[in-house]
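Predicted, not measured: the structure shown is a model, and the values here were computed from it.
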Amino acid sequence: MHTVSHHGRDTAYEYADRDAPGAPICFVHGSGGSSTVWKSQHRIADKHPVVAVDLSGHGESDDIDAEPGYTTLSAYADDVIAVYEATDSRVLAGNSLGGAVVMHILLERSEEIPVGAAILTGTGARLGVLEDIRRWLAENFERAVDFLHDTDRFFHDPDPRLQALSKAAMRECGREVTQRDFLTCHEFDVRGQLGTIDVPALALHGEYDQLTPPDYHEYLADQLPAGTRQEIPDAAHLAMLEQPAAFNQALLSFLEDIS
């Protein structure tokens, strides 16, 4: 792991580069996750350097003292921008909460970093969280973990090994940080603002995702001036893990098309 210091804390990130000729891609994980969710994207490091961030309080990054919502979202954006600058990244990719962070940067802080393209996967312009999930995160963390890993949520047809790894990562992240993440998602709503994002953007989603359904991504593709959409068959919310070959091919094809 590498680290970058900023705003009084250290943010960790993975970096993989096998003499890639393309622009570095900075990947941002979702709620209760870490950079490990992007492990299968290291396979494209011969074409684009792969940068995967641990947001504050996740993985090996220092935590923050921030209330859920805009304050947390802004702090996570600080993490991403610091890593993006340190690695000379030129593409942003975000899953779920990570997609919200990417959109926040493009809407409010695009002047700070040069962004050539964005990949928005398993995310939406609004990310309301079910009341049951919010209650379980407050009162019964294991119930929330199990619910999120049931069929057509994180995974369409859960591979027991991937399911176990994902559950372990969420438990390692812990209830408080995971709850902060989901509450931050619940407050996120940029509907009506997407028209000002002018970078090429791909809304990439799993066919069976019930957490951020296909219509969320249809909306993104319709509202973003340079937006397109692609569906990953036989996948749900974490398509990058469940169907990595299809996910990687879609990502690379998009970047090749816009180049």
### Query
Which is it for Gln230 and Leu202 under the side-chain contact (heavy atoms from CB on, under 4.5 Å) test, yes or no, and what are the steps along the way?
CA-CA 7 Å; Gln230 186 163 342; Leu202 173 64; 4.1 Å; yes

### Task
Carefully, step by step, assess His42 and Glu14 under the rule side-chain contact (heavy atoms from CB on, under 4.5 Å).
CA-CA 10 Å; His42 286 222; Glu14 294 276 5; 4.2 Å; yes

### Message
The test is side chain to side chain donor-acceptor pair (under 3.5 Å); show your working for Asp234 and Gln243 and say whether it passes.
### Response
CA-CA 7 Å; Asp234 299 321; Gln243 298 294 344; 5.1 Å; no

### Short side-chain donor-acceptor distance under 3.5 Å, Arg9 and Ser56
yes

### Message
If the condition is ring-ring contact (aromatic ring centres under 6.0 Å, His included), which residues does His149 pass it with, not counting sequence neighbours?
### Response
Phe154

### Task
Please determine if Arg153 forms a cation-pi arrangement with Phe147, meaning its NZ or CZ atom is less than 6.0 Å from the six-membered ring centre and no more than 45° off the ring axis.
yes

### Query
If we only count heavy atoms from C-beta on, is the Phe247 to Leu241 side-chain gap below 4.5 Å?
no

### Message
So for atom CG, which belongs to Asp215, do other residues, nucleotides or ligands contribute more than 12 heavy atoms lying within a distance under 6.0 Å?
### Response
yes

### Message
Tell me the closest heavy-atom pair linking Gly32 and Thr178, and the distance in Å.
### Response
CA-OG1, 3.6 Å

### Query
Going by the angle between their ring planes, with limits at 30° and 60°, are Tyr15 and His2 parallel, tilted or perpendicular?
perpendicular

### Task
Determine the minimum heavy-atom distance between Val115 and Tyr84, stating which atoms define it.
CA-OH, 3.4 Å

### Query
Can you tell me how far the CD atom of Glu218 sits from the CD atom of Gln223, to the nearest 0.5 Å?
12.0 Å

#### Entry: Shortest non-hydrogen contact between Tyr216 and Thr123, atoms and distance
CB-O, 3.6 Å

### Query
Would you say the side chain of Cys26 lies within less than 4.5 Å of the side chain of Val53, judging by non-hydrogen atoms?
yes

## Note on the structure
Separation between CG (Leu106) and CD (Gln193), nearest 0.5 Å, reads 12.0 Å

### Query
Do Leu251 and Met103 belong to the same hydrophobic cluster, where Ile, Leu, Val, Met, Phe, Trp and Tyr are linked whenever their side-chain heavy atoms lie under 4.5 Å apart, directly or via other members?
no

## Note on the structure
On a heavy-atom basis, the closest approach of Ser35 and Asp54 is N-OD1, 2.8 Å

### Message
Are the side chains of Val190 and Leu107 in contact, using a 4.5 Å heavy-atom criterion?
### Response
yes

### Message
Measuring from atom NE2 of His48 to atom CZ of Arg90, what distance do you get when rounded to the nearest 0.5 angstrom?
### Response
13.5 Å

### Message
Whether Arg180 and Asp63 form a salt bridge (side-chain N of Lys/Arg under 4.0 Å from carboxylate O of Asp/Glu) is what I want to check.
### Response
yes

### Summary
To the nearest 0.5 Å, atom CZ of Phe182 lies from atom CG of Leu130 at 10.0 Å

### Query
Atom CG of Asp181 and atom OG1 of Thr72: how far apart are they, to the nearest 0.5 Å?
8.0 Å

### Query
Centroid-to-centroid, Tyr76 to His58, below 6.0 Å?
yes

### Message
With a 4.5 Å cut-off on side-chain heavy-atom distances among I, L, V, M, F, W and Y, is there a chain of contacts connecting Ile119 to Leu238?
### Response
yes

### Query
Do Val129 and Leu183 belong together in a cluster built from hydrophobic side chains that touch within less than 4.5 Å?
no

### Message
If you apply the rule side-chain contact (heavy atoms from CB on, under 4.5 Å), what do you find for Trp38 with His29, and how did you get there?
### Response
CA-CA 8 Å; Trp38 304 107; His29 63 79; 4.0 Å; yes

### Query
Quick check, are the ring centers of His104 and Tyr70 under 6.0 angstrom apart?
yes

### Task
Count the heavy atoms of every other residue, nucleotide or ligand shown that sit under 6.0 Å from CD of Glu176, and state whether that count exceeds 12.
no

### Task
State, yes or no, whether a side-chain contact exists between Arg229 and Leu220 at a heavy-atom distance under 4.5 Å.
no

### Task
Could you give me the CA-CA distance, side-chain angles and deciding distance for Phe27 and Val51, then say whether side-chain contact (heavy atoms from CB on, under 4.5 Å) is met?
CA-CA 6 Å; Phe27 291 91; Val51 182; 5.8 Å; no

### Message
Would a single hydrophobic cluster contain both Leu211 and Met240, if residues Ile, Leu, Val, Met, Phe, Trp and Tyr are joined by side-chain heavy-atom contacts under 4.5 Å?
### Response
yes

#### Entry: Closest non-hydrogen atom pair, Ser96 against Gly30
CB-CA, 4.2 Å

### Message
So Leu120 and Leu204, do their side chains get closer than 4.5 Å, heavy atoms only?
### Response
no

